[in-house]
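Beneath this line is the structure, given in C-alpha cells, with notes to follow.
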Amino acid sequence: MTLIEELRAAVKGEVFGPGDPEYDVQRQAWFLLVDQRPAAVVHVTGTEDVQAAIRLARRHRLTVGAQPVGHGATQATGSEAMILLRTNALDSIDIADGVARVGAGVRWRDLNKALTGTGLTSLPGSSGDPSVVGYTLNGGVSWFGRKHGFAANHVRAFELVDAEGHHLRVTKDAFPDLFWALRGGGGEFGIVTAMEIELLPEPAIYGGRMMWYAEDARQLLRAFSEVTATAPDEFSLWAWLINMPDLEMVPPPMRGRWMVAIDSTYLGDGDEAEKLLAPIRAVADPLVDTVGEVPLDKVGEIAQEPEDPMPGVGKVVMLKEFGPATIDALLELALDRPQPSPLMLLEIRHVGGAFARPGAQESAVGTMDDPYFLLLGGMVMAPEHAPALHAEISTVVGGMAPWTGGLLPPTMAHGEPVEDVYPAATLQRLREIKNRVDPTNLIRGNRPLV
C-alpha cells in the first residue's frame, strides 16, 4: 500500500496526496508565496486520527505538522517529507467556570462570538481568522495585551499528541517543562488538539478606526507618539500608513493615494477614551470614523485585515522609540520619494505595558521590552514584482536602523531565525525540551528549533 492508501485506511478524515486533483488547493498556505508540498494532507477528525498519522509518519520516516488555516506557514513546513494535518474540524468550544476549552480548529471570530454577551473575554488579536491555538502557541499579541500581557500566559492546559503518539494533558503541575515551552515556544513539541484558557472579566470596549489623507501624516504620527507616551495600559493605539490601490472597490477620493489610519481599543468608559483620542482628533477631522462602543465579536474587524489567502510579504522590526526623528525618517523612506512605493502598508503598533512585565507564570514567551514595533507589508501579484518589494522592505528597515530594537515577539516572527526571536537562555531550554520529548524531530512547526 502507498502512504496515501495507508492513511485513508487508518483515519476517518479526508486524505489528499500529490496525485489528487484537489491537492494544490488542500496544500495551500495562507501566505500564497509559501509553496508547501507535503507528502499528504490529512483532515483530522479527532485525537485518533492524529495518533494514526503520527504512527504512519514514524513508519515512513516522515515528519508531521499541523495547520488549521495556514497562517504563519513558512517554507520550513509542508515539505515533501511531511504529513500536513488540517485541524479545522476540531472546532468545539466549551465555556464553564471562567475557562474556555477550545479545539485546535477554533478561530478567533468563533471564540469572540461565543463569548459576546457573557461578560467574559479572552485575549483576541487583530484578525478573527487565525486559530486560537496557533496564535497562543506563538505568544499571542492581543488588542488587550497592554493590560493583560501575552495570551500564552493565560493558558490553563494543553491537550496534545506527542511524538510517540501518546495523548497528554499538559499543565503547570503535569509536564511543567513542556507547559513552559508550549506557551510561546511554538508548535514543535506535539500536535495540540485542544487548549484551556482562563477568561477575563469584559469591561466595555470602546474603539474603532479613523482615517485621513497622508498630507496630515506627520502631525498625526506626532500626536500618536505623544498620546502613546503616557497612555494607560487599558488603551491600545495602532497607526497605519496605507497605500490604497487604484481599484474600483476603493472609494474614488482614496483611490491610488496614501492614507493614514489610527486604530484603537479602550477597556472602559467611552468618555475616557475620547479624552485620550482628543490630541489626534485635533489634528484634522477624519474622513472615516468608526470609533464607538465595540461588541467583542466585532473587535477582529477594527483593523480591517484581509482574511482570504494572499500573496503577501511582511517584515516586523521592534522600535526602541517613536519620536519626531523616527517619524521624519519613516515618512522620508516611505512617502517622500520620487517613485511610487511597492509597499502596501506600514503599521506602527504601540505595545509596552504588561507585554514588558514578566507574566505571573514563567513561560517561553518572555517579555517584549521595546515599546513599539513596525510592520511592513506588500503584495506580489506576479513573480517579477517580488525583487522590488523585497528591496523596498530592506531599504526601509535599513533606514530605520538607528531606532530598531531587540528580539521579535514569537507571534510576529515569520521566517526569521529563532536566534532573532528568543534570548539565548530561552532558546537553549526550548531545544533541550524539544530534544527530550521529540528526539527524532518528528513534529515540525513553522519555526524550527533544531
Side-chain angles (χ1 to χ4, degrees), residues 93 95 98 100 102 106-130 132 135 140-151 154 197-212 220 223-224 226-240 242 251 254 259-307 347-355:
I93 301 175
I95 300 168
V102 297
V106 172
R107 302 191 194 193
W108 272 110
R109 70 168 76 95
D110 305 320
L111 182 57
N112 289 344
K113 183 177 180 180
L115 290 172
T116 298
T118 65
L120 298 169
T121 186
S122 51
L123 291 172
S126 54
S127 171
D129 198 54
V132 178
Y135 162 97
V141 176
S142 171
W143 270 115
F144 313 146
R146 282 177 39 77
K147 176 67 173 177
H148 298 292
F150 289 97
H154 295 264
I197 53 177
E198 299 169 348
L199 301 176
L200 301 162
E202 180 198 351
I205 303 169
Y206 190 89
R209 163 163 284 189
M210 297 183 287
M211 293 186 73
W212 300 260
L220 287 165
F224 167 86
E226 291 167 4
V227 171
T228 54
T230 59
D233 290 353
E234 290 80 6
F235 190 50
S236 291
L237 204 63
W238 307 346
W240 304 73
I242 304 173
M254 301 181 184
M259 303 292 295
V260 178
I262 292 184
D263 299 339
S264 62
T265 62
Y266 181 73
L267 300 175
D269 181 73
D271 290 342
E272 293 300 315
E274 285 294 346
K275 291 177 184 177
L276 292 163
L277 291 170
I280 294 169
R281 289 191 180 279
V283 173
D285 292 333
L287 301 167
V288 174
D289 189 346
T290 68
V291 175
E293 292 186 8
V294 185
L296 183 60
D297 61 350
K298 300 299 182 183
V299 165
E301 300 175 11
I302 292 174
Q304 301 179 22
E305 294 184 0
E307 295 191 350
E347 179 193 4
I348 307 95
R349 189 177 300 190
H350 181 223
V351 281
F355 287 124

Item to check | Working for side chain to side chain contact (heavy atoms under 4.5 Å, CB included), residues Ser127 and Trp108 | outcome: CA-CA 7 Å; Ser127 171; Trp108 272 110; over 6 Å; no

Checklist entry - Run the side chain to side chain contact (heavy atoms under 4.5 Å, CB included) check on Ile197 and Leu123 step by step: do they pass? => result CA-CA 10 Å; Ile197 53 177; Leu123 291 172; over 6 Å; no

Item to check | Side chain to side chain, Met259 and Leu287, heavy atoms closer than 4.5 Å | outcome: yes

Checklist entry - Of the non-hydrogen atoms in Ala223 and Pro279, which two are nearest, and what is the gap between them? => result CB-O, 3.8 Å

Item to check | Audit row: Thr290, Ile302, side chain to side chain contact (heavy atoms under 4.5 Å, CB included) steps and yes/no | outcome: CA-CA 9 Å; Thr290 68; Ile302 292 174; 6.0 Å; no

Item to check | Glu202 side chain reached by Leu296 side chain, heavy atoms, under 4.5 Å | outcome: yes

Checklist entry - If you measure from CD1 on Ile205 to OG1 on Thr121, what distance do you get to the nearest 0.5 Å? => result 5.5 Å

Item to check | Closest non-hydrogen atom pair, Pro203 against Leu267 | outcome: CG-CB, 3.8 Å

Item to check | From Leu237 atom CG to His350 atom NE2, the distance as rounded to the nearest 0.5 Å | outcome: 8.5 Å

Item to check | pair Ile280-Val227: side-chain heavy atoms closer than 4.5 Å | outcome: yes

Checklist entry - Between Arg107 and Gly128, is there a donor-acceptor pair closer than 3.5 Å when you use the side chain of the first and the backbone of the second? => result no

Checklist outcome for this item: Rounding to 0.5 Å, atoms CG (Leu276) and CD (Glu234) come to a distance of 9.5 Å

Item to check | With Phe224 via ring pair (Phe, Tyr, Trp, His ring centres under 6.0 Å) - residues at least two apart | outcome: Phe322

Checklist entry - What heavy-atom pair brings Phe355 and Gly140 nearest, and what distance separates the two atoms? => result CE2-O, 4.5 Å

Checklist entry - Looking only at heavy atoms, what is the nearest atom pair of Ala303 and Ser126, with distance? => result CB-O, 4.2 Å

Item to check | side chain to side chain contact (heavy atoms under 4.5 Å, CB included) between Arg349 and Val141, worked out | outcome: CA-CA 11 Å; Arg349 189 177 300 190; Val141 176; 3.9 Å; yes

Next on the checklist: Is it the case that the side chains of Glu274 and Tyr206 hold a donor-acceptor pair, with the cut-off being a distance below 3.5 Å and no angle test?
Outcome noted: yes

Next on the checklist: Please find the pair of heavy atoms, one from Ala100 and one from Leu111, that lie closest to each other, and give the distance.
Outcome noted: CB-CD1, 4.3 Å

Next on the checklist: A side-chain contact here means heavy atoms from C-beta on lying under 4.5 Å apart; do Thr265 and Val294 qualify?
Outcome noted: no

Checklist entry - Less than 4.5 Å apart, any side-chain heavy atom of Ser122 and any of Phe144? => result no

Next on the checklist: Do Arg146 and Ser236 have side chains that approach each other closer than 4.5 Å (heavy atoms only, starting at C-beta)?
Outcome noted: yes

Item to check | Main-chain N/O of Pro124 paired to Ser142 side chain as donor or acceptor, under 3.5 Å | outcome: yes

Checklist entry - For the atom pair CZ (Arg281) and CE (Met210), what is the distance rounded to the nearest 0.5 Å? => result 4.5 Å

Item to check | Pairing of Arg109 and Asp297 as salt bridge, 4.0 angstrom limit | outcome: no

Checklist entry - Does the His154 side chain pair with the main chain of His148, one donor and one acceptor, at a distance under 3.5 Å? => result yes

Next on the checklist: Parallel, tilted or perpendicular, judged at 30° and 60°: which one describes the rings of Trp238 and Trp143?
Outcome noted: parallel

Next on the checklist: What's the separation between atom CG in Asp269 and atom CD in Glu272, rounded to the nearest 0.5 Å?
Outcome noted: 6.0 Å

Next on the checklist: Check this for me: does any side-chain nitrogen of one of Arg209 and Asp289 sit under 4.0 Å from a carboxylate oxygen of the other?
Outcome noted: no

Item to check | Interatomic spacing from CD in Glu305 to CD in Glu347 - rounded to 0.5 Å | outcome: 6.5 Å

Checklist entry - Hey, are Trp240 and Asp263 close enough side-chain-wise for a donor-acceptor pair under 3.5 Å? => result yes

